[in-house]
Amino acid sequence: MGRGDLSNEEWARLEPCLPKDAGRGGRWKSHRRVINGILFRLRAGIPWRDLPARFGKWQTVYDRHRRWSADGMWDQILRVAQADADVEGRIDWSMVSVDSTVCRAHQHAAGARKQAPHRPGRRTRPAQHRPDEALGRSRGGLMTKIHLAGEGGLRPLAMLVTPGQWDDAPQMIAVLERVRVPRPAGGHPRTRPDHLSGDKAYSPRCNRRCLRRRQIKHTIPERRDPRAHRQRRGSNGGRPTGFDAARYARRNEVERMVNRLKIHRAVATRSDKRAYVFHGTVTVAAVSLRLRS
């Protein structure tokens, strides 16, 4: 077993989540070796063609990663792993924080075909396809932004990739809508945390109204200009927003979680041309963090 490969304990957790062979032909073979190859490329950030020979053919490893990214298989694996962790009490729902991080896009990430991709063997679009391929240009060049919702155990609950110049505030609701942790014993998936934390970028009134509508308690500091505008209006400006400084001190958890994600070089520097493939890469990193207790 090489450095960074799945241990026996991690493989025992992951194996029940993987698709099984159905019928003749043996479509899926050597899951463990292929996933170890995906994890190696995720950690090292190398081109797919440079994978060591011990992982088999690089084309097989890449095709499986691309297929599972298009089918949403990586998202399903992450949900199953989250459900198992929730049953064991390893998800801290007491504080869920939202944040975003910008990833520099390598020059090889540009130049995707204008024609929309299809799922392998089907005529439908990939689950996470974006016409803009989640690439945006700013002063630093091509950028991709990852919006995250992380729980207190420093593990991601939901992710969304957008172009690098997109604002954080409009994406908060979209990220929270992706939080769906199944309940193996039955019932609706859990979608609401006990408390939500975010920085000033998530302070617009529309976000606060949505959180109150969903009955989610939140700790988000108010920006200076809306606070001054409310004070100028006097009694017509409404009550000031509540803010708990002690709870807000836990916001460093999501920043530490982002640092753990960016240990994987394929996440810190994007080299995938397609947005759905890069989303799969980030999801694999989240699965890796979930498996390593």
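Just so you know, these numbers come straight off a predicted model, no measurement behind them.
Across every non-hydrogen atom of Arg290 and Ala85, the tightest pair is NH1-CB, 3.8 Å.
Between the side chain of Arg183 and the main chain of Ala83, no donor-acceptor pair closer than 3.5 Å is present. Between the side chain of Asp167 and the backbone N or O of Ala169 there is no donor-acceptor pair closer than 3.5 Å.
For Glu133, the side chain to side chain donor-acceptor pair (under 3.5 Å) partners two or more places apart in sequence, or in a different chain, are Arg274. Under the rule for a ring pair (Phe, Tyr, Trp, His ring centres under 6.0 Å), the partners of Trp48 that lie at least two apart in sequence or sit in another chain are Tyr62, His65. Every ring pair (Phe, Tyr, Trp, His ring centres under 6.0 Å) that His106 has, sequence neighbours left out, goes to His108.
In this structure, the side chains of Thr191 and Val181 stay at 4.5 Å or more apart for every pair of heavy atoms. Counting heavy atoms from C-beta outward, Gln128 and Asp75 have side chains that approach closer than 4.5 Å. Using a 4.5 Å heavy-atom cutoff, the side chains of Asn259 and Ile263 are not in contact. Contact annotation: the side chain of Lys145 approaches that of Asp168 to within less than 4.5 Å [non-hydrogen atoms, C-beta and beyond]. Residues Ser288 and His264 meet the side-chain proximity criterion, which asks for heavy atoms closer than 4.5 Å. Between Ser100 and Ile146, every side-chain heavy-atom pair lies at or beyond the 4.5 Å cut-off.
Between Asp92 and Arg250 there is a salt bridge, since at least one side-chain N of the basic residue sits less than 4.0 Å from a carboxylate O of the acidic one. Contact check on Lys217 versus Asp194 returns no salt bridge, with no Lys/Arg side-chain nitrogen under 4.0 Å from an Asp/Glu carboxylate oxygen. Using a cut-off of 4.0 Å between Lys/Arg side-chain N and Asp/Glu carboxylate O, Arg32 and Asp5 are scored as not salt-bridged.
The cationic atom of Arg130 (NZ for Lys, CZ for Arg) lies less than 6.0 Å from the six-membered ring centre of Trp166 and within 45° of the ring axis. In this structure, Arg33 fails the cation-pi test against Phe55, since its NZ or CZ atom is not both closer than 6.0 Å to the six-membered ring centre and inside 45 degrees of the ring normal.
For the side chain to side chain contact (heavy atoms under 4.5 Å, CB included) test with Leu160, the passing option among Met172, His279, Arg178 is Arg178; the others fail. Considering Asp86, Val80, Val87 as possible partners of Asp84, the one that fulfils the side chain to side chain contact (heavy atoms under 4.5 Å, CB included) test is Val80.
Ser94 and His195 share no side-chain donor-acceptor pair at under 3.5 Å. No donor-acceptor contact under 3.5 angstrom links the side chains of Thr60 and Arg64, judged on distance only.
Rounding to the nearest 0.5 angstrom, the gap separating the CZ atom in Arg41 from the CG atom in Leu51 is 8.5 Å.
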